[in-house]
Amino acid sequence: MAKSFTTQGDSSMGYIHCCGALHKTRTFRLVPQDNFVVSELDYLAKCPICGHTIVQLTRVDDSDNISIVRKVNKKAKLFFEKLKKVILYEIRSINYNKINVGKFYLNYNEFGVKKRCYSNLRSLKIGLAENKDLKINP
């Protein structure tokens, strides 16, 4: 099984299903041949579980029909060598920094006690002073 195939952009990551799991692959865009609009090649050099080499060619034609050719081990290596001459470019995914944490902290004063806020700025009560005569009506 292949990844969900989109023709929108080149930021998609290729996946190949092997040994009951999806594994990330190197994805290449090929020169479209015959009446195909888009051709992509997914290459998994070595499955982390079984050690197989897998190549999967996915093509979309004019009427949005998808054809898939999948080869394993020796046939996959030969198939990849054969298709190297029609590779346009490799599709690389964008790596996003998932954790955006800086070293900044905010010193603030709450009821005369100095505190540090590391993350939740919404819950701050900056500048509160304890006043027994003040009545707060909710």
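Between Asp42 and Val55, the closest side-chain pair of non-hydrogen atoms is not below 4.5 Å. Proximity of Cys18 to Gln56: side-chain heavy atoms (C-beta onward) are nowhere separated by under 4.5 Å. Side-chain contact between Asp61 and Val37 is absent, with no heavy atoms from C-beta onward closer than 4.5 Å. Side-chain contact between Leu30 and Arg59 is absent, with no heavy-atom pair separated by less than 4.5 Å. Counting only heavy atoms from C-beta outward, the side chains of Arg29 and Val38 approach each other to under 4.5 Å.
By the side chain to side chain contact (heavy atoms under 4.5 Å, CB included) test, Lys71 is found to be paired with Val69, Lys75, Ala76, Phe79, residues two or more places apart in sequence or in another chain being considered. Residues passing the side chain to side chain contact (heavy atoms under 4.5 Å, CB included) test with Asp64, sequence neighbours excluded: Val60. Annotation: side chain to side chain donor-acceptor pair (under 3.5 Å) contacts of Glu81 (sequence neighbours excluded): Lys84.
Between Ser67 atom OG and Leu57 atom CG the span is 6.5 Å, to the nearest 0.5 Å. Between atom OH of residue Tyr15 and atom OG1 of residue Thr27 there is a gap of 9.5 Å, rounded to the nearest 0.5 Å. The line from CG of Leu22 to SG of Cys19 is 11.5 Å long, rounded to the nearest 0.5 Å. In this structure, CG on Asn65 lies 9.5 Å from CG on Asn35, to the nearest 0.5 angstrom. Distance NE2/His17 to CD1/Ile54: 10.0 Å, rounded to 0.5 Å.
Residue pairs meeting the ring pair (Phe, Tyr, Trp, His ring centres under 6.0 Å) criterion with at least one member in residues 21-75, sequence neighbours excluded, are Phe28-Phe80, Tyr43-Phe80.
In the hydrophobic clustering of ILVMFWY residues, with side-chain heavy atoms under 4.5 Å counting as a link, Leu83 and Leu78 come out apart. By the criterion of side-chain heavy atoms lying less than 4.5 angstrom apart, applied directly or through intervening Ile, Leu, Val, Met, Phe, Trp or Tyr residues, Ile49 is not grouped with Ile16; the two fall into different hydrophobic clusters.
When all heavy atoms of Ala45 and Thr53 are compared, the closest pair comes out as O-OG1, 2.8 Å.
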